[in-house]
Amino acid sequence: MKRSVQTSSPYTFHKISVIEEFQHPEQARKLLERLRDDRGVRAIMQQHQWSVGELTELTPFEKTILGFNRNSGQLISIRLRTDDLSGFRHYDSIRKVLLHELTHNVWSEHDDNFHALNRQLNKEVVSLDWTAHGANTLSSGSSFYQPMDDDEYEDEITGVTWEGGSYRLGNGTGKKNINKGSSSVATMSDVALQRELRAKAAAARLTKQEEQELDEGCGSNNTHKH
C-alpha cells in the first residue's frame, strides 16, 4: 500500500532539487522525499513552525561538507552520496545532518544553545513520531509507536550501495520489525516494547563525537538570524 502523505501544511520543505547529472537522480530524489515525509521530521517542522524554501542535494565533490543552511531556512543542502559516488549515505546519518542544519534556523554559532536545541530535535524526531502517529499504549500506561512499513522506500531503492562513508554518524542497522501483523505486536511483552523504545531513543541520541563531526562538516555561514 502506498503511503499517504499530507503536504498541505505550510511547515514543510516546499521544493526538492537533486543533481540530475549524477547516477540515480531518482534515488536521490526519493531520499530527499523520505526526509521531507519522515513523520518525526514533519512533526518537528509543525511543532517549531519551520518552513524551508528548498531542500537540495549537495554536490558530492564538497567532500568536507555534510550540509549547509542558507538564510535560516531559505535553502538547506544535504550531502547524500558516498565519497566514491557508488552509492548513498545511510538514511540515519543523513537525517542527523538535516536536524543539525534545521537547528541553524534558530542559532548560527555552534555554541551551547545550538547543541542543546540540536539534541532536543534528535529526541523529538523519535518521540514525536511515536506520539503523533499511531501511538499505542502499554498496560503500564506508557506509549510506544507502531510505525508504518518503510519497505516501500527500501524496496524501490535497489542496485545502489548505502554507506556512511568517512562521515558515518550512525549505523542505523538492526531495525526491528514490530509492525508486521497485529498479532505479533500484541504478543510482545511490555518489557520487550520498552526495550524497543530505548533502542530507538539510543539510536537517535547524539554522541560528542557525532556533534563534533556534524560541526566540522557544516558549511552554514554565520548570517543566520537568532
Side-chain angles (χ1 to χ4, degrees), residues 5 7-22 24-38 40-83 85 88-122 124-125 128 164-170 206 210-226:
V5 176
T7 58
S8 59
S9 172
Y11 308 119
T12 185
F13 303 90
H14 294 279
K15 182 180 179 181
I16 284 178
S17 302
V18 300
I19 304 174
E20 299 289 346
E21 291 75 20
F22 287 107
H24 307 296
E26 71 284 358
Q27 316 298 8
R29 183 172 297 277
K30 288 180 187 299
L31 253 183
L32 292 182
E33 289 174 347
R34 182 178 179 185
L35 287 171
R36 179 197 63 193
D37 299 340
D38 185 296
V41 173
R42 287 167 54 203
I44 282 175
M45 299 291 282
Q46 185 72 31
Q47 174 147 311
H48 294 272
Q49 298 186 349
W50 286 335
S51 176
V52 174
E54 186 173 3
L55 180 63
T56 73
E57 176 185 3
L58 178 66
T59 173
F61 295 135
E62 294 281 1
K63 292 187 177 182
T64 62
I65 299 178
L66 295 173
F68 66 84
N69 179 328
R70 179 185 298 160
N71 296 332
S72 301
Q74 178 185 16
L75 179 146
I76 289 179
S77 188
I78 303 294
R79 185 164 168 230
L80 305 178
R81 299 174 188 268
T82 54
D83 288 350
L85 305 183
F88 292 87
R89 293 166 47 76
H90 197 282
Y91 179 75
D92 286 351
S93 299
I94 296 171
R95 188 173 68 173
K96 285 185 178 182
V97 175
L98 176 64
L99 296 179
H100 179 100
E101 298 308 333
L102 282 172
T103 308
H104 279 302
N105 285 348
V106 180
W107 303 106
S108 60
E109 302 293 337
H110 295 139
D111 56 13
D112 290 343
N113 291 320
F114 179 95
H115 290 135
L117 177 57
N118 191 27
R119 292 186 204 111
Q120 176 185 332
L121 295 183
N122 277 272
E124 288 178 351
V125 79
L128 291 178
S166 59
Y167 294 106
R168 184 166 189 164
L169 302 177
L206 282 176
E210 286 174 331
E211 282 187 342
Q212 182 178 352
E213 289 176 349
L214 286 165
D215 288 353
E216 292 174 352
C218 178
S220 299
N221 57 37
N222 293 325
T223 61
H224 310 288
K225 295 179 181 178
H226 283 61

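It should be emphasised that the depicted structure is a prediction, and the values quoted were computed from it without experimental measurement. Every heavy atom of this structure was used, including side-chain atoms; hydrogens, water molecules and symmetry mates were not.
- Side-chain contact between Q46 and S9 is present, with heavy atoms from C-beta onward closer than 4.5 Å.
- No donor-acceptor pair under 3.5 Å is formed between the side chain of T12 and the backbone N or O of H14.
- A donor-acceptor contact shorter than 3.5 Å is absent between the side chain of N71 and the backbone of Q74.
- Closest approach of M45 and L102 over heavy atoms only: SD-CD2, 3.9 Å.
- Between L32 and F13, the closest side-chain pair of non-hydrogen atoms is not below 4.5 Å.
- Taking CD of Q27 as the reference point, atom CZ of R34 lies at 12.5 Å (rounded to 0.5 Å).
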task = Would you sort out whether I16 and R36 count as a side chain to side chain contact (heavy atoms under 4.5 Å, CB included), showing the intermediate values?
result = CA-CA 9 Å; I16 284 178; R36 179 197 63 193; 3.8 Å; yes

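- Nearest heavy-atom pair, L99 versus L121, reported as atom, atom and distance to 0.1 Å: O-CD1, 3.6 Å.
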field: Stepwise side chain to side chain contact (heavy atoms under 4.5 Å, CB included) test for V106 and W50
entry: CA-CA 10 Å; V106 180; W50 286 335; 3.6 Å; yes

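- H115 places a side-chain N or O within donor-acceptor distance of the main-chain N or O of D111, the cut-off being under 3.5 Å.
- A tilted orientation is assigned to the rings of H104 and H110, their planes being inclined by 30° to 60°.
- Two residues are said to be in side-chain contact when any heavy atoms from C-beta on lie closer than 4.5 Å; Q120 and H48 meet this criterion.
- Judged by distance alone, with hydrogens and angles left aside, the side-chain atoms of N69 form no donor-acceptor pair with the main-chain N or O of I76 at under 3.5 Å.
- Distance check, rounded to the nearest 0.5 Å: CZ of R29 to CD of E33 gives 6.5 Å.
- For T56 (side chain) and S17 (main-chain N/O), no donor-acceptor pair under 3.5 Å exists by modelled atom type.
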Please walk me through it: do L128 and Q47 pass side chain to side chain contact (heavy atoms under 4.5 Å, CB included)?
-> CA-CA 9 Å; L128 291 178; Q47 174 147 311; 3.8 Å; yes

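- For the pair E101 and I78, the minimum side-chain heavy-atom distance is below 4.5 Å.
- We find the CD-NE2 distance between E213 and H100 to be 12.0 Å, quoted to the nearest 0.5 Å.
- In terms of heavy atoms, L58 sits closest to G67 at CD2-N, 3.9 Å.
- The side-chain heavy atoms of F68 and L75, taken from C-beta on, include a pair separated by under 4.5 Å.
- A distance of 4.5 Å separates CD of E57 from CG of L80, quoted to the nearest 0.5 Å.
- Atom-to-atom distance recorded for K96:NZ and L214:CG is 8.0 Å, nearest 0.5 angstrom.
- S51 approaches P10 most closely through the heavy-atom pair OG-O, 3.2 Å.
- For the atom pair CZ (F88) and CG (L31), the distance works out to 6.0 Å, reported to the nearest 0.5 Å.
- Contact of the R81 side chain with the F22 side chain is registered, since non-hydrogen atoms from C-beta on lie closer than 4.5 Å.
- For I19 against P60, the heavy-atom pair with the smallest separation is CD1-CD, 4.2 Å.
- No side-chain donor-acceptor contact under 3.5 Å links E124 to the backbone of I44.
- Side-chain contact between L35 and R95 is present, with heavy atoms from C-beta onward closer than 4.5 Å.
- Within the 4.5 Å cutoff, the side chain of L66 has heavy atoms near those of the R89 side chain.
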